[in-house]
Protein chains: 2
Amino acid sequence: MQRMTRQRLAVLGLLDRQSDFRSAQQIHDDLEERGARVALATVYRTLQSLVESGQVDTLRHDGEISYRKCRRAVHHHHLVCRNCGLTVEFEGDVVERWAHDLAAANGFVQVEHTLEFFGLCARCAAEDAS
Amino acid sequence: MQRMTRQRLAVLGLLDRQSDFRSAQQIHDDLEERGARVALATVYRTLQSLVESGQVDTLRHDGEISYRKCRRAVHHHHLVCRNCGLTVEFEGDVVERWAHDLAAANGFVQVEHTLEFFGLCARCAAEDAS
DNA sequence: TTATCTGCAAAGTATTTGCATAATG
DNA sequence: CATTATGCAAATACTTTGCAGATAA
């Protein structure tokens, strides 16, 4: 049901090599640099399908969506450097429990949550100071 | 430095009466309904200034920003009904501590976070079932 | 072969901005 | 009266979509 096209392979390949969150436009540019011509619309469509199938994580920030291949299958969160994009994944059963308790206390059901941390990584903080 | 114009008063008045998060466009429509003609651009500008001065909370969801007058001054989070917008505010020092620990463990500084819960409130869940 | 994917350009959203005019303090 | 805010329309930025032609299976 999902055809392996040159374009899809190119996007998947790039996602494998990149470790930080990148916007669709950045991914498009990166592909161009490597000589892989893929239309921006195709990049968007491909990323969208990868997100739906759970292979890619998204992050909404400043009105734009960033993409990154998941490192772990279970639900998790991110600590992202707002300067260079360096990303650390981590799990947090605390929030899951919290969500459950909150739901119970307020009569809510089907509670989901979004939790992300943004900061400056050590390297960027050092550069900032100098 | 901030002039009290008819438009600003109208926006403030509406924010006082509304208890849920509303997008700029919804707020604009609500104002029109009440006969207060305020240009959409002005609604955006006013909300923006209210956010900057800390009088209004924002929530990013599905690529759009929603606004709501803060009920409490300290940093807090929300449990929002994704159907009717009903909102419960709550504090969570757990996350603050968590953010601090994460930062220390990974060498990050100036760590901020976003945490929101979305679910179905009791009433909407009941309607859903019927 | 044929259903799915791609490229292109056009259309959509949500938000911002330039500028002349209006209104506040 | 000097500034700051407003309205309008045009500009932005990101993302989605329609459609004809290309391509994987």
Side-chain angles (χ1 to χ4, degrees), chain A residues 1-15 18 20-53 55-68 80 82 85 114 116 118, chain B residues 1-15 18 20-53 55-68 80 82 85 114 116 118:
Chain A
M1 195 203 131
Q2 202 61 258
R3 294 186 177 173
M4 262 315 161
T5 64
R6 173 180 65 74
Q7 293 84 339
R8 193 177 181 87
L9 280 172
V11 172
L12 283 169
L14 191 71
L15 285 173
Q18 87 182 25
D20 306 331
F21 280 89
R22 285 252 174 36
S23 70
Q25 323 237 13
Q26 284 178 308
I27 289 173
H28 175 253
D29 292 349
D30 289 353
L31 288 171
E32 287 247 297
E33 258 182 46
R34 292 170 178 278
R37 265 176 284 91
V38 181
L40 182 56
T42 301
V43 173
Y44 273 108
R45 279 189 280 233
T46 306
L47 289 172
Q48 202 169 275
S49 91
L50 289 172
V51 170
E52 275 165 20
S53 64
Q55 298 176 65
V56 163
D57 271 353
T58 62
L59 200 62
R60 290 167 183 280
H61 204 223
D62 290 331
E64 81 172 9
I65 312 177
S66 294
Y67 306 83
R68 178 193 200 234
V80 184
R82 68 175 140 254
T114 61
E116 305 295 344
F118 298 96
Chain B
M1 194 207 131
Q2 202 62 261
R3 294 183 178 177
M4 263 315 163
T5 63
R6 175 180 65 73
Q7 293 83 341
R8 193 177 181 88
L9 279 173
V11 171
L12 283 170
L14 190 71
L15 286 172
Q18 87 182 27
D20 307 331
F21 280 91
R22 287 254 174 38
S23 70
Q25 323 239 10
Q26 284 178 307
I27 290 172
H28 175 254
D29 292 348
D30 289 353
L31 288 171
E32 287 248 297
E33 258 181 45
R34 293 170 177 276
R37 266 177 283 89
V38 181
L40 182 56
T42 302
V43 173
Y44 273 108
R45 279 189 280 232
T46 305
L47 289 172
Q48 202 169 276
S49 90
L50 289 172
V51 170
E52 275 164 20
S53 64
Q55 298 176 66
V56 163
D57 270 354
T58 62
L59 199 61
R60 291 168 183 278
H61 202 224
D62 290 330
E64 80 172 10
I65 311 178
S66 294
Y67 305 84
R68 177 191 200 239
V80 185
R82 66 175 141 254
T114 61
E116 305 296 344
F118 298 96

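In what follows, chains carry the letters A, B, and so on, assigned in the order in which the sequence lines appear, proteins first and then strands, with residues in each chain numbered from 1.
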- prompt: Contacts to DNA chain C from residues 23-37 of chain B, heavy-atom cutoff under 4.0 Å, which residues?
  reply: Gln25(B)
- prompt: Between Ile27(A) and Gln18(A), is any pair of side-chain heavy atoms under 4.5 Å apart?
  reply: yes
task: Enumerate the residues from residues 56-65 of chain A whose closest heavy atom to DNA chain C is under 4.0 Å, giving them by residue number; use none for an empty result.
output: none
message: Each nucleotide in nucleotides 19-25 of chain C should get exactly one letter: B, S or -. Can you fill that in based on protein heavy atoms under 4.0 Å?
response: ----BBS
task: Select one nucleotide: of dT6(D), dC14(D), dT17(C), the one nearest the side-chain heavy atoms of Gln7(B).
output: dT6(D)
- request: Please confirm whether Phe21(A) and His61(A) have ring centers closer than 6.0 angstrom.
  value: no
- prompt: Quick one: side-chain hydrogen bond (donor to acceptor under 3.5 Å, both in side chains) partners of Glu116(B), sequence neighbours excluded?
  reply: His78(B)
task: Could you pull out all residues at least two apart from Glu32(A) that satisfy side-chain hydrogen bond (donor to acceptor under 3.5 Å, both in side chains)?
output: none
query: Are any non-hydrogen side-chain atoms of Leu15(B) and Leu47(B) less than 4.5 angstrom apart?
result: yes
task: Could you tell me the separation between the CG atom of Leu47(B) and the P atom of dA5(D), rounded to a whole number of Å?
output: 15 Å
message: Atom CZ of residue position Arg6(B) - does it have more than 12 heavy atoms of other residues, nucleotides or ligands inside 6.0 Å?
response: yes
message: Among residues at least two apart in sequence or on other chains, which ones pass side chain to side chain contact (heavy atoms under 4.5 Å, CB included) with Ile65(A)?
response: Thr58(A), Arg60(A), Tyr67(A)
query: By salt bridge (charged side-chain N to carboxylate O under 4.0 Å, His left out), which residues pair with Arg45(A), not counting sequence neighbours?
result: none
message: Would Thr46(A) and Thr5(A) count as a side-chain contact (heavy atoms from CB on, under 4.5 Å) here? Give the steps.
response: CA-CA 10 Å; Thr46(A) 306; Thr5(A) 64; over 6 Å; no
query: For Arg8(B), which residues count as a salt bridge (charged side-chain N to carboxylate O under 4.0 Å, His left out) partner, sequence neighbours excluded?
result: none
- prompt: Quick one: Gln48(B) CD to dT6(D) P, roughly how many Å, whole number?
  reply: 12 Å
task: Using side chain to side chain contact (heavy atoms under 4.5 Å, CB included) as the criterion, list what pairs up with Leu40(B), not counting sequence neighbours.
output: Gln25(B), His28(B), Tyr44(B)
- request: Rounded off to whole Å, could you give me the CG-to-C1' distance for the Leu40(A) and dT17(D) pair?
  value: 13 Å
- request: For Arg82(B), enumerate each residue passing the side-chain hydrogen bond (donor to acceptor under 3.5 Å, both in side chains) test, keeping only those at least two apart in sequence or located in another chain.
  value: none
message: Can you measure Tyr44(B) atom OH to dT6(D) atom P for me and round it to whole angstrom units?
response: 16 Å
- prompt: the helix from dG12(C)-dC14(D) to dG25(C)-dC1(D): angle between its terminal axes, five pairs each, to 10°?
  reply: 30°
message: According to side-chain hydrogen bond (donor to acceptor under 3.5 Å, both in side chains), who are the partners of Asp30(A), at least two apart in sequence or on a separate chain?
response: none
